[in-house]
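Please read all numbers here as calculations on a predicted model, not as lab measurements. Positions are given from 1, in the same order as the sequence printed here.
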Amino acid sequence: MWPLTNGNRCLVGPEAELFRGTVAMMVDQLVDELNPAAEVEHDGESDSMFTLSGPVVGFDPPHWYDMWEPQQKIWLLERVATSLLTSRPAPAMAAMFEATVEAVYVEMGNLIALEITEGRPIEPGSWRQSLLDAYVQRCPRDSFLEATHFEATTLDPCWPREIEQQIRQYEQTPSTDGDANANSIQDANSVPDPVEKRQSDWLTYWSMVIERLLDATYGPRVHHAAEAYRDGDPKLLKQFLQSKGVSPKFVQRIPPLRTKAQLQKAVTRLQALLLDE
């Protein structure tokens, strides 16, 4: 269980499925980094879930996750995933755990970027559809267009036709006519590269959906502000952490290094957890 915005709870339903699938991809990448030194082998039945067909592009993971070695990242992912998907209590608040949760959603953005680059449509089982399902579950009172629309959007080339029609209709309402005219004038003068503009727009679009989901699920992330104090006056950092109700050890905890046997067991436990539907 994890301290979510609606209390100490586990992720369930589409939220849990999205989180589970993303962590599975991250574990696969880490195992590939460690092989052959770690001598960790994928379970034959889970190989279909542990596959990434190309390079990940788009977004960088937060510092408090990215700074560690692959085996430490696996330890972090196991602690976080076990608490978010089962009744196991969350670990004590620490920058490394907060950043690990955020890193999962950053990876989600990379998987969506790859999905669009490959020209895959939004359909059941796709990363974008899974993200939208999770968003609707977490924010049922937000309409899809009001929650995620941004001005001058270039439609995702893989949008279902129905959603394209909804967005066009939304853009043609009186409240957006002025903006549309302004954008038309701006486009005529600047003539941006359509390929670059489309890529920029869909990255902005989906990263915004992910950010809203993160905010609605976990609330503010303390490690972002704590990073600014990390190399400064220790007293200021302590005062900041106290103001947030966080232990002074929030930025001091580090993930342990693991033996090969411990790493193998951790990957096996993660595979079992992530394949448990």
Side-chain angles (χ1 to χ4, degrees), residues 1-27 29 56-68 73 76-85 90-91 93-116 122 126-150 153 156 201-228 244-246 250-251 274:
M1 302 181 71
W2 200 270
L4 306 179
T5 53
N6 59 336
N8 287 329
R9 302 178 186 278
C10 301
L11 296 179
V12 296
E15 282 188 290
E17 293 174 10
L18 178 64
F19 189 87
R20 183 182 291 114
T22 307
V23 174
M25 301 300 285
M26 296 173 73
V27 172
Q29 294 171 48
V56 177
V57 295
F59 309 100
D60 295 323
H63 169 75
W64 286 100
Y65 171 80
D66 195 45
M67 66 189 294
W68 309 115
K73 291 177 181 178
L76 287 168
L77 286 171
E78 184 185 10
R79 293 299 306 276
V80 165
T82 303
S83 295
L84 275 164
L85 298 173
M93 285 188 67
M96 62 180 184
F97 293 127
E98 268 197 357
T100 299
V101 172
E102 185 171 322
V104 174
Y105 290 84
V106 171
E107 175 69 4
M108 199 178 296
N110 289 327
L111 292 167
I112 286 173
L114 182 63
E115 184 175 80
I116 296 180
I122 299 174
S126 69
W127 291 108
R128 285 164 293 170
Q129 185 60 59
S130 298
L131 172 59
L132 293 178
D133 291 343
Y135 187 85
V136 170
Q137 178 190 353
R138 176 58 55 176
C139 308
R141 296 183 181 179
D142 277 356
S143 74
F144 170 74
L145 292 175
E146 290 176 354
T148 62
H149 179 77
F150 65 98
T153 181
D156 184 326
D201 282 350
W202 59 249
L203 281 174
T204 301
Y205 181 91
W206 290 107
S207 63
M208 182 174 62
V209 178
I210 293 171
E211 186 66 24
R212 288 179 64 92
L213 178 61
L214 259 170
D215 288 341
T217 308
Y218 303 97
R221 277 86 73 196
V222 178
H223 77 271
H224 284 294
E227 179 68 18
K244 297 298 181 181
V246 175
F250 180 79
V251 295
L274 299 174

Q) Distance-only, no hydrogens or angles: does the Thr100 side chain make a donor-acceptor pair with backbone N or O of Leu77 under 3.5 Å? A) no
Q) With side chains defined as the heavy atoms from C-beta onward, is the minimum distance between Gln137 and Val12 less than 4.5 Å? A) yes
**Q.** Least distance between heavy atoms, Met108 atom then Ile210 atom
**A.** C-CD1, 4.1 Å
Q. Considering all heavy atoms of both residues, which atom of Phe19 and which atom of Ala81 are nearest to each other, and what is their separation?
A. CE2-CA, 4.0 Å
**Q.** Straight-line distance of Leu18 CG to Leu111 CG, nearest 0.5 Å
**A.** 9.5 Å
Q) Which heavy-atom pair separates Pro61 from Ala103 by the least distance, and what is that distance? A) CB-CB, 4.3 Å
(Q) According to side-chain hydrogen bond (donor to acceptor under 3.5 Å, both in side chains), who are the partners of Glu78, at least two apart in sequence or on a separate chain? (A) Arg269
Q. Can you tell me how far the OG atom of Ser126 sits from the CG atom of Leu132, to the nearest 0.5 Å?
A. 8.0 Å
(Q) Just so I know, are the side chains of Val251 and His223 near enough to count as touching, which here means a heavy-atom distance under 4.5 Å? (A) no
Q | Side-chain (Glu107) to main-chain (Thr22) donor-acceptor, under 3.5 angstrom | A | no
Q) If you measure from CG on Leu11 to CZ on Arg20, what distance do you get to the nearest 0.5 Å? A) 9.0 Å
Q: List for me each residue that meets side chain to side chain contact (heavy atoms under 4.5 Å, CB included) alongside Ala94, sequence neighbours excluded, and say none if there are none.
A: Met96, Phe97, Arg253
Q) Between Arg138 and Asn6, which heavy-atom pair has the shortest distance, and what is it? A) NH1-OD1, 3.3 Å
Q: Verify, without hydrogens or angle tests, whether Glu17 (side chain) and Ser130 (backbone) share a donor-acceptor contact under 3.5 angstrom.
A: no
**Q.** Pairwise distance OH(Tyr135) to CZ(Arg212) - rounded to 0.5 angstrom
**A.** 3.5 Å
**Q.** Rounded distance (nearest 0.5 Å) linking atom CG of Leu84 with atom CD of Glu15
**A.** 10.0 Å
Q: Could you tell me how the ring of Tyr218 sits relative to the ring of Tyr105: parallel (under 30°), tilted (30 to 60°) or perpendicular (over 60°)?
A: perpendicular
**Q.** Residues which pass side-chain hydrogen bond (donor to acceptor under 3.5 Å, both in side chains) with Arg221, listed by chain and number, not counting sequence neighbours
**A.** Glu102, Glu211, Asp215
Q: Mind running side-chain contact (heavy atoms from CB on, under 4.5 Å) on Leu131 and Leu213 for me, showing each step along the way?
A: CA-CA 9 Å; Leu131 172 59; Leu213 178 61; 3.7 Å; yes
Q | Heavy-atom pair with the smallest gap, counting every atom of Met1 and Asn8 | A | CE-O, 2.7 Å
**Q.** Listed partners of Phe250 passing ring pair (Phe, Tyr, Trp, His ring centres under 6.0 Å), at least two apart
**A.** none
Q.
Just verifying a value: how many Å separate Ile122 CD1 and Glu115 CD, rounded to the nearest 0.5 Å?
A. 7.5 Å
Q.
Trp127: which residues meet the side-chain hydrogen bond (donor to acceptor under 3.5 Å, both in side chains) condition with it, sequence neighbours left out?
A. none
Q: Looking only at non-hydrogen atoms, find the nearest pair between Ser83 and Ala90 and report the distance.
A: OG-CA, 3.5 Å
Q: Would you check if Val101 and Tyr65 make a side-chain contact, meaning some heavy-atom pair closer than 4.5 Å?
A: no
